[in-house]
2 protein chains.
Amino acid sequence: MARLAGVSQATVSLVLSPKPDGKGRIISEETRQRVLEAARSLGYVPDPAARRLAAARNNLLGVFSFTATFPTDVQHSYYPFLVGVEREAAALGYDLVLFTGSSTGGAGATGPDALSRVRLADGCLFIGRHTPRAELKRLVEDGFPVVHLGRREELEGVAWVGADYVEATREVVGHLAELGHRRIVLVREDDDAPASTDRQRGFLEGLVATGLPSGPTAVFRSADPQRELSPERLRAWVDEGVTAFVAEETDTGAAWRSLLSAVREAGLDCPGEVSLALLGSPPADLASEPEPTGFDIPRPQLGAAAVRLLAALVAGEEAREPLVSCVFRPGPTTAPPRARP
Amino acid sequence: MARLAGVSQATVSLVLSPKPDGKGRIISEETRQRVLEAARSLGYVPDPAARRLAAARNNLLGVFSFTATFPTDVQHSYYPFLVGVEREAAALGYDLVLFTGSSTGGAGATGPDALSRVRLADGCLFIGRHTPRAELKRLVEDGFPVVHLGRREELEGVAWVGADYVEATREVVGHLAELGHRRIVLVREDDDAPASTDRQRGFLEGLVATGLPSGPTAVFRSADPQRELSPERLRAWVDEGVTAFVAEETDTGAAWRSLLSAVREAGLDCPGEVSLALLGSPPADLASEPEPTGFDIPRPQLGAAAVRLLAALVAGEEAREPLVSCVFRPGPTTAPPRARP
DNA sequence: TTGTAAGCGTTATCAT
DNA sequence: ATGATAACGCTTACAA
């Protein structure tokens with residue numbers, strides 16, 4: 001105890017825990033220094049558990065992912081988010097605790113108390129798709145600050161931050177319209193994840209906003225794009241006057257991939273005969289090719305925004321973090337449509 | 001409290017916290033069920049903070065890197081280590097607290113006592129090159145469990161885990177000798193990091209072990225391999241009877257890079273005229289080419305071993321984790337030497 | 001301005 | 001087999 005070293009007692013607490021009230025310092029500068037000095041020489045650090053137990057705060061923010069946070073397959077990792085999470089947490093004065101256990105089941109992956117350990121922190125960030133709803137809800141109901149990284153509107157009351165796919169997609173459509181394209185087709189998979197429906201909404205809104213006919217624009221759906229998006233179908237669209245295609249980004253990149261191969265097989269030149277855009281980033285194995293027109297998801301910023309929101313909740317604020325904007329990425333796959341005979 | 005719901009008291013603790021001792025259950029099955037039922041209906045979960053406070057153990061392992069744990073440049077990241085660290089920590093029931101050299105600013109400024117923040121964990125893992133020796137030593141002297149990832153013998157008393165470069169290099173030399181090579185040259189930079197000298201030692205030991213003459217074998221050193229490792233020099237070696245070259249792996253991959261370019265410029269065919277081996281993994285930008293003969297550093301295993309050692313220290317054991325073995329990687333860059341006229 | 005004392009929710013040690 | 005009760009290390013009124 002620094003108490004013995006110095007001369008005081010739980011005065012230590014007062015000097016070591018700056019009240020957020022700002023002017024809460026009712027400690028004489030002298031004792032303050034004495035305590036600080038003693039703490040330093042003893043290498044004393046307040047126990048986070050005790051601190052939290054005493055109904056105070058730890059300065060610890062949790063990160064919990066439902067799969068391993070560091071999967072062996074680097075492609076699928078949350079790394080880009082973590083970059084922002086770490087930076088923002090540091091900037092805000094929080095340390096990060098990475099709750100393990102979901103990864104291997106070692107320390108209790110399942111069970112009703114799988115999530116209970118996160119209560120050690122002041123609040124917790126959740127990343128990943130397979131969220132145990134009940135547990136999360138329980139946490140929220142208990143007033144524990146929780147933020148989900150990625151849109152999660154079905155989980156009532158769970159705060160989240162996400163990327164603004166609607167606006168970003170609108171922007172891509174706007175770009176095409178500006179180039180002179182009048183008929184555009186959206187290629188998407190048959191899936192109703194928010195990430196997917198958001199893009200479709202943005203696509204339609206984009207058409208409306210630029211005064212393009214939304215009627216004739218086809219929305220392509222398929223669980224098996226390989227088979228459905230045939231070169232013939234593509235060619236038919238082009239013959240009907242379609243000059244641009246936009247594909248959504250998915251885990252597998254299937255939509256984009258099948259679009260590319262259909263274009264190739266149909267012998268169409270890009271961007272000569274058709275313009276192509278990708279609503280997101282290309283899959284890793286296509287990363288070496290020049291990046292197509294589209295937008296980038298600012299993952300580090302998303303991570304940072306999530307931390308900011310979480311910190312606000314921890315501080316008892318009612319803060320609401322808006323959607324994070326994606327950034328438009330110009331590319332060589334779009335150009336003005338060729339004049340038609 | 002489940003206490004009220006059920007009928008008992010801190011008996012709850014007994015049923016909710018299975019002792020690792022195995023047969024610690026001295027609770028009647030009836031009460032046991034009653035408590036379990038009450039807990040479930042109330043949605044009761046033990047408070048981790050209180051739990052850890054009482055147990056005088058936080059189940060927290062620190063991870064301290066002297067740069068950001070998640071650098072923006074993924075190339076230099078500790079990701080491969082982290083994979084193992086996370087997995088092992090989870091398996092052992094520990095959560096991870098992430099500290100960063102730059103970021104400790106939040107709760108404690110980047111002063112000389114920045115490192116003392118790690119004391120909030122039960123022990124701490126250090127990763128990276130720029131270790132503040134004094135601070136680290138202080139922690140160790142205070143009996144705080146510390147493990148350094150990567151060999152650090154100069155830091156007296158600091159536990160560490162590292163890769164067995166000596167053995168791995170010996171193995172590569174053995175492989176070449178087995179193929180029939182008699183004169184082998186080691187290409188290394190002029191640097192005396194353990195990672196570098198270990199390989200040299202392994203190289204020499206390998207020669208001795210296989211009965212090869214170590215005298216005529218040249219050890220190439222250069223701070224500027226570009227200039228020193230000329231195609232002419234290479235050609236001269238080959239004319240003298242050298243049939244194989246092994247290069248060390250470094251941050252920049254300079255040794256391997258200059259070896260490759262010298263071979264190319266000298267117009268030598270690999271593995272026809274010379275066999276090449278790399279003592280480690282190729283730099284990221286050369287990753288697409290077929291992997292050369294050499295060995296892989298099992299980074300995840302290293303991370304796991306470090307955690308294991310740290311956990312042992314935390315538990316008060318005197319454990320000693322041996323060097324982690326690298327795994328030999330056969331490749332297309334080595335072949336039996338061509339018969340000489 | 002600083003010391004005193006009452007918890008915070010568990011675990012652990014005794015008694016029962 | 002279970003119920004009291006004292007820590008655990010800290011925060012926080014409240015008293016001095």
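Bear in mind the structure is a predicted one, so any value in this text is a computation, not a measurement. For the numbers below, each heavy atom of this structure counts, side chains included, while hydrogens, waters and symmetry mates do not. We name chains A, B, ... by the order of the sequence lines, and we start the count at 1 in each one.
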Please tabulate, one pair per line, each protein N/O and nucleotide N/O from nucleotides 4-7 of chain C that are separated by under 3.5 Å, including the distance.
residue : atom : partner : partner atom : Å
C:dT4   : OP2  : A:Q9    : OE1          : 2.2

All N/O pairs under 3.5 Å across the protein-nucleotides 13-16 of chain C interface:
none

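The interatomic distance linking B:L53 (CG) with D:dC8 (P) rounds to 10 Å, in whole Å. Between A:D122 atom CG and C:dC8 atom P there is a gap of 19 Å when expressed in whole angstrom units. The CZ-C1' distance, from A:R52 to D:dT11, rounds to 13 Å in whole Å. Regarding A:I27, its CD1 atom lies at a distance of 9 Å from the P atom of C:dG3, rounded to whole Å. Look at CZ on A:R119: it is 17 Å from P on C:dC8, rounded to the nearest Å. Between the CG atom of B:L16 and the C1' atom of C:dG9 there is a distance of 13 Å, given to the nearest Å. Protein atom CD of B:E29 is 11 Å distant from nucleotide atom P of D:dT2, rounded to whole Å. In this structure, CZ of A:R34 is placed 11 Å from C1' of C:dT2, rounded to the nearest angstrom.
Side-chain N/O atoms of B:E86 and A:T69 include a donor and acceptor closer than 3.5 Å. Counted by atom type alone, B:Q33 and B:E37 present zero donor-acceptor pairs between their side chains at under 3.5 Å.
A:D198 pairs by the salt bridge (Lys or Arg N to Asp or Glu O under 4.0 Å) definition with A:R151, not counting sequence neighbours. Residues passing the side chain to side chain donor-acceptor pair (under 3.5 Å) test with A:E88, sequence neighbours excluded: none. Here A:S17 pairs with A:R51 under the side chain to side chain donor-acceptor pair (under 3.5 Å) rule; sequence neighbours left out.
Among D:dT2, C:dT1, D:dC8, the nucleotide with an atom closest to any side-chain atom of A:S28 is C:dT1. For B:D47, taking side-chain heavy atoms from C-beta onward, the closest of the listed nucleotides C:dT10, C:dT11, D:dC8 is C:dT10. With C:dC8, C:dT11, D:dA1 as the candidates, the nucleotide lying closest to the side chain of B:R51 is C:dT11. Of all nucleotides listed (D:dT11, D:dC10, C:dT10), D:dT11 comes nearest to the side chain of A:A56. Taking only side-chain atoms of B:S13, from C-beta outward, the nucleotide of C:dT11, D:dA1, D:dT12 with the closest atom is C:dT11.
Other residues, nucleotides and ligands contribute at most 12 non-hydrogen atoms within 6.0 Å of the CD atom of B:E156. A 6.0 Å sphere centred on CD of A:E317 holds more than 12 heavy atoms belonging to other residues, nucleotides or ligands. Surrounding CD of B:E141 are more than 12 heavy atoms belonging to other residues, nucleotides or ligands, all under 6.0 Å away.
Counting heavy atoms from C-beta on, the side chains of B:Y94 and A:T100 never come closer than 4.5 Å. Contact of the A:R57 side chain with the A:R52 side chain is not registered, since no non-hydrogen atoms from C-beta on lie closer than 4.5 Å.
Taking five base pairs at each end of the helix from C:dT1-D:dA16 to C:dT16-D:dA1, the local helix axes there meet at an angle of 40°, rounded to 10°.
Ring-plane geometry between B:Y79 and A:F70 is classed as perpendicular, the angle between the planes exceeding 60 degrees on a 0 to 90 degree scale with a lower cut at 30.
Side-chain nitrogen and oxygen atoms of B:S17 include none within less than 4.0 Å of the OP1 or OP2 phosphate oxygen of C:dT10.
We find the CG-CD1 distance between A:L14 and A:I27 to be 4.0 Å, quoted to the nearest 0.5 Å.
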